[in-house]
Amino acid sequence: MKTELDSLATALYVRTDDLLKGSPQFGPWRPAVGMAPQLSDAELVTLAMMQAMLGFTSEARWLRHARSHLRRLFPYRPKQPGYNKRLRKAAGLLRRVIRLLAADTSVWSDDVWIVDSAPVECGRSRETVKRSDLAGCAEYGYCAGHSRFFWGLRLYLVCTLQGLPVAFSLTGAKADERETLLDLLAAEPELVTARPGQTLIGDKNYFGRGFEHELAEQDIRLLRPARTLGSRDHDGVLRISRPSVATRQSAAGRPVTGSRTPPPGACQAGGISAGRGAGTRT
C-alpha cells in the first residue's frame, strides 16, 4: 500500500509539473520578484488530490496525517490557514489538472451521458439565512425527492454511465434545469463538437420544443421518460414511462392494498386504466 501511494503521488506530481512547465499561465499569479513558496504549485496540487482520493474531508486532519505518514514525499507542509489560502488561489489549476486526469481515462470518450441535479442545503434556521455569507447566491427551492423546501444551492452534474464527471455547475435553488444544461454545454463547446451523436439521458423535467431543438442542433440525442403515461411527444416518439408497483401487481392478478375496484364498464388493458389523460400531448 505504501509503495502504491508513493507511485500515485509521484505520477500526480510529474503530470502537474509538466503542465505548469508547458503552460505556466495556468498557475496562480505571482510577482516576478519575490520569495518562492516553499511548497511548489505541483506539490500543492498533488497534496490536494491525494486528500480527496484518500477521503479526508477535514484539512486540519489531512495535514496531521501528512506530517505523520507523508513526510518523505512532502518535506514542507504548510499549516491549515496557509494551505487553505493556497488552495483557493489555485482553484483554476486544480480544475485543469482534474480535467486532464479525466481525459486520460478510457471512459472519457463514452457516447452516453447522464444529467441530473441535487439540492445542496446551506441552512435551516431563519437566523442562518439572514447572516450567511451565501445570501444573494443561495435561495429557497423545492426538492421533489424529499418532498420539502430547502434553502441553499443546487448542483447540476453531467457524467458518464460509469460516474465520471464531465461538467458541473452550482446555481441557485430556483435555477431552471434546462437553461443550466444549455449553459453548461455552451461554456465548453469542445465537449460536444468532439462527440457527434452524443446521447444524453435526463429525467422528465428536461422537456420542451425549444429545448430539444437546441440539443438537436448540437447533434445531441435526448432520452427522457414521458411526462404522461403513454403520451406522444411533439417529435412523434412514443415514450412509455415505467408503470408503478401497484400497477404491475394488479396486472399480475395479485391484490393491491388500498386499491379501488374499477367501476363496471371501465376500459382496462394489461392492468392499466385508460383514463382521460391517455394520449395527451406534452
**Q** At what distance, to the nearest 0.5 angstrom, does CD of Gln198 lie from OG1 of Thr193?
**A**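 Rounded to the nearest 0.5 Å, the CD-OG1 separation comes to 11.5 Å.
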**Q** How is the hydrophobic cluster of Phe150 composed, in terms of its other members, when Ile, Leu, Val, Met, Phe, Trp and Tyr link through side-chain heavy atoms under 4.5 Å apart, directly or indirectly?
**A**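 Cluster partners of Phe150: none, it stands alone.
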**Q** Hey, is the main chain of Ala173 close enough, under 3.5 Å, to the side chain of Glu139 for a donor-acceptor pair?
**A** yes
**Q** The test is side-chain contact (heavy atoms from CB on, under 4.5 Å); show your working for Ile114 and Leu161 and say whether it passes.
**A** CA-CA 7 Å; Ile114 301 176; Leu161 292 177; 3.4 Å; yes
**Q** Do Thr199 and Ile220 touch side chain to side chain, with heavy atoms closer than 4.5 Å?
**A** no
**Q** Not counting sequence neighbours, which residues clear side-chain contact (heavy atoms from CB on, under 4.5 Å) with Asn205? List them please.
**A**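 Asn205: side-chain contact (heavy atoms from CB on, under 4.5 Å) contacts with Glu177, Asp203, Arg227.
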**Q** Less than 4.5 Å apart, any side-chain heavy atom of Ile201 and any of Arg224?
**A**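 In short, these two side chains do not touch, never coming nearer than 4.5 Å.
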**Q** Distance-only, no hydrogens or angles: does the Arg178 side chain make a donor-acceptor pair with backbone N or O of Phe207 under 3.5 Å?
**A**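 Checking the backbone N and O of Phe207 against the side chain of Arg178, a donor-acceptor pair under 3.5 Å is found.
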**Q** Checking Asp17 now: which residues fulfil salt bridge (charged side-chain N to carboxylate O under 4.0 Å, His left out) with it, not counting sequence neighbours?
**A** Lys21
**Q** Taking the cut-offs as 6.0 angstrom to the six-membered ring centre and 45 degrees off its axis, would you call Arg61 and Phe56 a cation-pi pair?
**A**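 The answer is no, since Arg61 fails at least one limit relative to Phe56.
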**Q** Trp113: which residues meet the ring pair (Phe, Tyr, Trp, His ring centres under 6.0 Å) condition with it, sequence neighbours left out?
**A** none
**Q** How many angstroms lie between CD in Gln38 and CZ in Arg77, if you round to the nearest 0.5 Å?
**A** 11.0 Å
**Q** Linking I/L/V/M/F/W/Y whenever any side-chain heavy atoms sit under 4.5 Å apart, do Tyr76 and Leu20 land together?
**A**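 As far as the 4.5 Å side-chain criterion goes, Leu20 and Tyr76 are connected within one cluster.
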**Q** Restricting to salt bridge (charged side-chain N to carboxylate O under 4.0 Å, His left out), what partner residues turn up for Arg148, sequence neighbours left out?
**A**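 Partners of Arg148 under the salt bridge (charged side-chain N to carboxylate O under 4.0 Å, His left out) test: Glu121.
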**Q** Should we say atom CZ of Arg67 is surrounded by more than 12 heavy atoms from elsewhere, each under 6.0 Å from it?
**A**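 Counting other residues, nucleotides and ligands, CZ of Arg67 exceeds 12 neighbours.
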**Q** Are Val14 and Leu47 connected, step by step, through hydrophobic side chains (Ile, Leu, Val, Met, Phe, Trp, Tyr) whose heavy atoms are closer than 4.5 Å?
**A**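 Val14 and Leu47: separate clusters.
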**Q** With sequence neighbours left out, what residues match Val115 under side-chain contact (heavy atoms from CB on, under 4.5 Å)?
**A**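 With sequence neighbours excluded, Val115 shows a side-chain contact (heavy atoms from CB on, under 4.5 Å) to Val158, Leu181, Leu200, Tyr206, given in chain and number order.
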**Q** Nearest 0.5 Å, please: how far is CZ in Arg95 from CG in Leu93?
**A** 10.0 Å
**Q** What pair of heavy atoms forms the shortest contact from Leu87 to Ala48, and how long is it?
**A** CD2-CB, 3.6 Å
**Q** Are the side chains of Arg195 and Asp111 in touch, meaning some heavy atoms are under 4.5 Å apart?
**A** no
**Q** To check you understand the geometry: which heavy-atom pair defines the closest contact between Thr105 and Leu101, and what is its length?
**A**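 Looking at all heavy atoms of both residues, the closest pair is CG2-O, 3.5 Å.
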**Q** Applying side-chain contact (heavy atoms from CB on, under 4.5 Å), can you list everything that pairs with Leu182, at least two apart in sequence or on another chain?
**A** Phe211, Glu214, Leu215, Gln218
**Q** Keeping the roles fixed (side chain from Ser40, backbone from Glu43), state whether a donor-acceptor pair exists under 3.5 Å.
**A**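 It does hold such a pair.
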**Q** A side-chain contact here means heavy atoms from C-beta on lying under 4.5 Å apart; do Met49 and Thr16 qualify?
**A**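 No. Closest side-chain heavy atoms not under 4.5 Å.
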**Q** Dump the intermediate steps for side-chain contact (heavy atoms from CB on, under 4.5 Å) on Arg209 and His213, then the final yes or no.
**A** CA-CA 6 Å; Arg209 185 185 300 270; His213 178 70; 5.6 Å; no
**Q** Is there side-chain contact between Gln162 and Val112, with heavy atoms separated by less than 4.5 Å?
**A** no
**Q** So Gln51 and Tyr83, do their side chains get closer than 4.5 Å, heavy atoms only?
**A**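 In short, these two side chains touch, coming nearer than 4.5 Å.
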**Q** Between Lys79 and Glu59, is the salt bridge (charged side-chain N to carboxylate O under 4.0 Å, His left out) condition met? List the steps.
**A** CA-CA 9 Å; Lys79 295 184 178 181; Glu59 293 179 351; over 6 Å; no
**Q** Output all residues satisfying salt bridge (charged side-chain N to carboxylate O under 4.0 Å, His left out) with Asp41, sequence neighbours left out; order by chain, then residue number.
**A**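 Salt bridge (charged side-chain N to carboxylate O under 4.0 Å, His left out) list for Asp41, sorted by chain: Arg30, Arg86.
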**Q** Measuring from atom CG of Leu8 to atom CG of Leu12, what distance do you get when rounded to the nearest 0.5 angstrom?
**A**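 Here the interatomic distance stands at 4.5 Å.
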**Q** Tell me whether Tyr13 shares a hydrophobic cluster with Phe74, the cluster being built from Ile, Leu, Val, Met, Phe, Trp, Tyr side chains joined at under 4.5 Å.
**A**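 No, because Tyr13 and Phe74 fall into different hydrophobic clusters, even though each may have its own neighbours under 4.5 Å.
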**Q** Take Leu70 and Leu5 through the side-chain contact (heavy atoms from CB on, under 4.5 Å) test and state the conclusion after the steps.
**A** CA-CA 10 Å; Leu70 303 178; Leu5 190 63; 3.8 Å; yes
**Q** In terms of heavy-atom contacts, does CG of Asp133 have more than 12 from other residues, nucleotides or ligands at under 6.0 Å?
**A** no
**Q** Could I get the full list of ring pair (Phe, Tyr, Trp, His ring centres under 6.0 Å) partners for His69, not counting sequence neighbours?
**A**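 Testing His69 for ring pair (Phe, Tyr, Trp, His ring centres under 6.0 Å), a comparison that skips the adjacent residues, returns His65.
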**Q** For Pro78 versus Leu63, what's the shortest heavy-atom pair and its separation?
**A** O-CD1, 3.5 Å
**Q** Please answer whether the main-chain N or O of Arg124 pairs with a side-chain N or O of Thr128 as donor and acceptor at a distance below 3.5 Å.
**A**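 Not a single qualifying donor-acceptor pair exists.
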**Q** Looking at Ser109 and Ser106, what are the two nearest heavy atoms and their distance?
**A**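 Here Ser109 and Ser106 meet closest at OG-O, 3.5 Å.
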**Q** If the condition is ring pair (Phe, Tyr, Trp, His ring centres under 6.0 Å), which residues does Tyr142 pass it with, not counting sequence neighbours?
**A**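 Ring pair (Phe, Tyr, Trp, His ring centres under 6.0 Å) check on Tyr142 returns Phe149.
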**Q** Mind checking whether Leu191 and Leu185 have side chains closer than 4.5 Å, heavy atoms only?
**A** no
**Q** Is it true that a side-chain atom of Thr160 and a backbone atom of Leu164 form a donor plus acceptor pair closer than 3.5 Å?
**A** yes
**Q** Ignoring hydrogens and geometry, is there a side-chain-to-backbone donor-acceptor pair from Ser68 to Arg64 under 3.5 Å?
**A** yes
**Q** Is the closest side-chain heavy-atom distance between Trp108 and Arg99 below 4.5 Å?
**A** yes
**Q** Hydrophobic side-chain clustering at under 4.5 Å (ILVMFWY, transitive links): who's grouped with Phe168? Put none if nobody.
**A** Val120, Leu153, Leu155, Leu157, Leu170
**Q** Pro189 and Ala186: which non-hydrogen atoms are nearest, and at how many Å?
**A**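 Heavy atoms only, the tightest pair is CD-O, 3.4 Å.
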**Q** Arg154 and Cys143: which non-hydrogen atoms are nearest, and at how many Å?
**A**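 Minimum heavy-atom separation between Arg154 and Cys143: NH2-CA, 4.3 Å.
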**Q** The criterion is side-chain contact (heavy atoms from CB on, under 4.5 Å); which residues satisfy it with Leu134, sequence neighbours excluded?
**A**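 Cys122, Ser132, Ala138, Trp151.
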